[in-house]
Q: 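Mind looking over this structure? Questions follow.
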Amino acid sequence: MAEWSPIAKVYEPLRAGSIDGTDVEPHDRAVWRAMGARYRPSRGVVGDPLLTLFVARLNPQTREEKLHQVFSQYGDIQRLRLVRDVVTGFSKGYAFIEYKEERAVFRARRDANKLVVDQQEVFVDFEQERTLRGWVPRRLGGGLGGKKESGQLRFGGRDRPFRKPINLGLDPQRDWDRSGGRSRDDRDRYRGSDWNSRGRRAHRDRR
């Protein structure tokens, strides 16, 4: 418990389904499903995961051109992918944006979160799929955040960080996003992954 953090360092479906990360039994069927999932990131996803942001809660009418216009103000964009339904072609309401420089990633994560784009407030965070060990996506019962009406809230992320367990006797939860950014060490702890400098170079060499 001394290592308690409001942000998950490793994705564990049982903990993610608990407001303070202490549940010992799944409280919904989706958590059971996530616990049994054996998810592997898509091999078709390209780019540097440490330079990529996840942008969600987009207006269905928002197009790639609009996203590029908004997010290019934080730095040069390497690639931008608005995820669309393969059958209808309609936007699924989220996108991935890879920058050329790390400082642009931090700037966009800090300043673009809760920005209103096409009359809709967007959510911005680091990509999780390839950086958070054990990741299970929402469609398999995992994910982070969520809406109350869904009955499947997931904790341990930027949107819904873990609350401190009562038995820790710690101070009320501080605002972990107050500064809007993190140092490299903080970012590595946030991800709970093995992306040290050596691992990052190895990843790039494999591409």
Side-chain angles (χ1 to χ4, degrees), residues 5-8 11 16 19 30 45-132 135-139 142-163 172-184 186-187 190-191:
S5 169
I7 301 300
Y11 191 83
I19 194 170
V45 178
V46 298
D48 189 334
L50 294 180
L51 294 179
T52 303
L53 291 178
F54 170 66
V55 183
R57 301 173 189 165
L58 295 171
N59 186 314
Q61 303 304 316
T62 297
R63 301 174 62 84
E64 288 87 348
E65 294 81 5
K66 180 66 174 184
L67 287 175
H68 196 284
Q69 176 188 346
V70 171
F71 283 87
S72 61
Q73 64 182 306
Y74 305 109
D76 292 334
I77 294 175
Q78 180 71 29
R79 57 174 54 83
L80 185 155
R81 180 169 67 96
L82 176 62
V83 179
R84 296 178 176 276
D85 185 280
V86 295
V87 176
T88 66
F90 294 153
S91 168
K92 288 190 173 183
Y94 63 95
F96 294 94
I97 299 176
E98 180 189 358
Y99 283 96
K100 294 182 178 180
E101 297 181 326
E102 188 174 59
R103 60 182 178 180
V105 177
F106 283 104
R107 187 181 302 121
R109 181 179 182 271
R110 180 192 64 201
D111 297 341
N113 189 47
K114 297 186 178 181
L115 185 71
V116 176
V117 178
D118 289 338
Q119 295 78 52
Q120 194 142 317
E121 188 177 275
V122 302
F123 172 75
V124 179
D125 200 1
F126 299 126
E127 178 194 330
Q128 305 291 346
E129 181 179 18
R130 295 178 292 167
T131 61
L132 184 60
W135 175 252
V136 179
R138 171 67 62 171
R139 69 177 183 274
L144 291 171
K147 298 180 180 180
K148 290 183 178 180
E149 53 268 29
S150 72
Q152 294 182 11
L153 296 180
R154 298 293 180 262
F155 302 89
R158 185 182 199 186
D159 190 32
R160 294 185 181 277
F162 291 125
R163 292 185 183 178
Q173 179 177 315
R174 61 180 283 196
D175 182 3
W176 287 82
D177 284 321
R178 190 174 342 183
S179 66
R182 297 173 187 270
S183 66
R184 159 60 69 175
D186 286 339
R187 185 178 179 186
Y190 171 92
R191 294 177 181 283

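All residue numbers refer to positions in the sequence shown, counting from 1.
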Q: If you look only at pairs with a residue in residues 45-77, which of them pass as a ring-ring contact (aromatic ring centres under 6.0 Å, His included), with sequence neighbours excluded?
A: F54-Y94, F54-F96
Q: Give me the atom names and distance for the closest heavy-atom approach of S91 to P60.
A: CB-O, 3.8 Å
Q: Starting from the C-alpha separation in whole Å, work towards a yes-or-no answer on side chain to side chain contact (heavy atoms under 4.5 Å, CB included) for R109 and L53.
A: CA-CA 7 Å; R109 181 179 182 271; L53 291 178; 4.1 Å; yes
Q: For the atom pair CD (Q61) and CG (D118), what is the distance rounded to the nearest 0.5 Å?
A: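 Output value for this atom pair is 8.5 Å.
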Q: Taking the six-membered ring of F155 as reference, does the NZ or CZ atom of R163 fall below 6.0 Å from its centre and within a 45° cone about the axis?
A: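 The answer is no; the distance or angle limit is not met.
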Q: Using modelled atom types only, decide if a donor and an acceptor are shared between the side chain of Q73 and the backbone of V70 within a distance under 3.5 Å.
A: yes
Q: Under 3.5 Å, is there a donor-acceptor pair between the side chain of D76 and the main chain of K100?
A: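 Flag not set: sc D76 to bb K100 has no pair under 3.5 Å.
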Q: Using a strict threshold of under 4.0 Å (side-chain N to carboxylate O), is an ion pair present between D159 and R57?
A: yes
Q: So how far is it from D85 CG to K92 NZ, rounded to the nearest 0.5 Å?
A: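 Rounded to the nearest 0.5 Å, the CG-NZ separation comes to 5.5 Å.
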Q: Taking side chain as C-beta onward, heavy atoms only, is I19 less than 4.5 Å from F162?
A: no
Q: Do E64 and R84 meet the salt-bridge criterion of a basic N to acidic O distance under 4.0 Å?
A: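 Yes.
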Q: Please find the pair of heavy atoms, one from E101 and one from L51, that lie closest to each other, and give the distance.
A: C-CD2, 3.8 Å
Q: Please report the shortest heavy-atom distance between Y99 and A108, naming the atom on each side.
A: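 Nearest heavy atoms, Y99 then A108: OH-CB, 3.5 Å.
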Q: Which heavy-atom pair separates A112 from V122 by the least distance, and what is that distance?
A: O-CG2, 3.6 Å
Q: On a heavy-atom basis, which atom in R160 and which in L153 lie closest, and how many Å separate them?
A: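 Heavy atoms only, the tightest pair is NE-CD2, 3.5 Å.
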Q: Answer whether the closest heavy-atom distance between the side chains of I97 and T52 falls below 4.5 Å.
A: no
Q: Could you measure the distance from the CG atom of L82 to the OG1 atom of T62? Nearest 0.5 Å is fine.
A: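 The CG atom of L82 sits 8.0 Å away from the OG1 atom of T62.
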Q: Please report the interatomic distance NZ(K66) to CZ(R63), rounded to the nearest 0.5 Å.
A: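 Reported value, rounded in 0.5 Å steps: 13.0 Å.
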Q: Are V105 and R103 side-chain neighbours, meaning at least one heavy-atom pair lies under 4.5 Å?
A: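 A side-chain contact under 4.5 Å is absent here.
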Q: Would you check if the side chain of R158 reaches a backbone N or O of I7 as a donor-acceptor pair within less than 3.5 Å?
A: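 No; zero donor-acceptor contacts below 3.5 Å.
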Q: For E98, is there an ion pair with R79 - N to carboxylate O distance below 4.0 angstrom?
A: yes
Q: Kindly give the heavy-atom pair with the smallest separation between Y11 and R154, and that separation in Å.
A: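 Looking at all heavy atoms of both residues, the closest pair is OH-CD, 4.2 Å.
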Q: Between CG of L132 and CD of E127, what distance do you get to the nearest 0.5 Å?
A: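 If we round to the nearest 0.5 Å, L132:CG and E127:CD are 10.5 Å apart.
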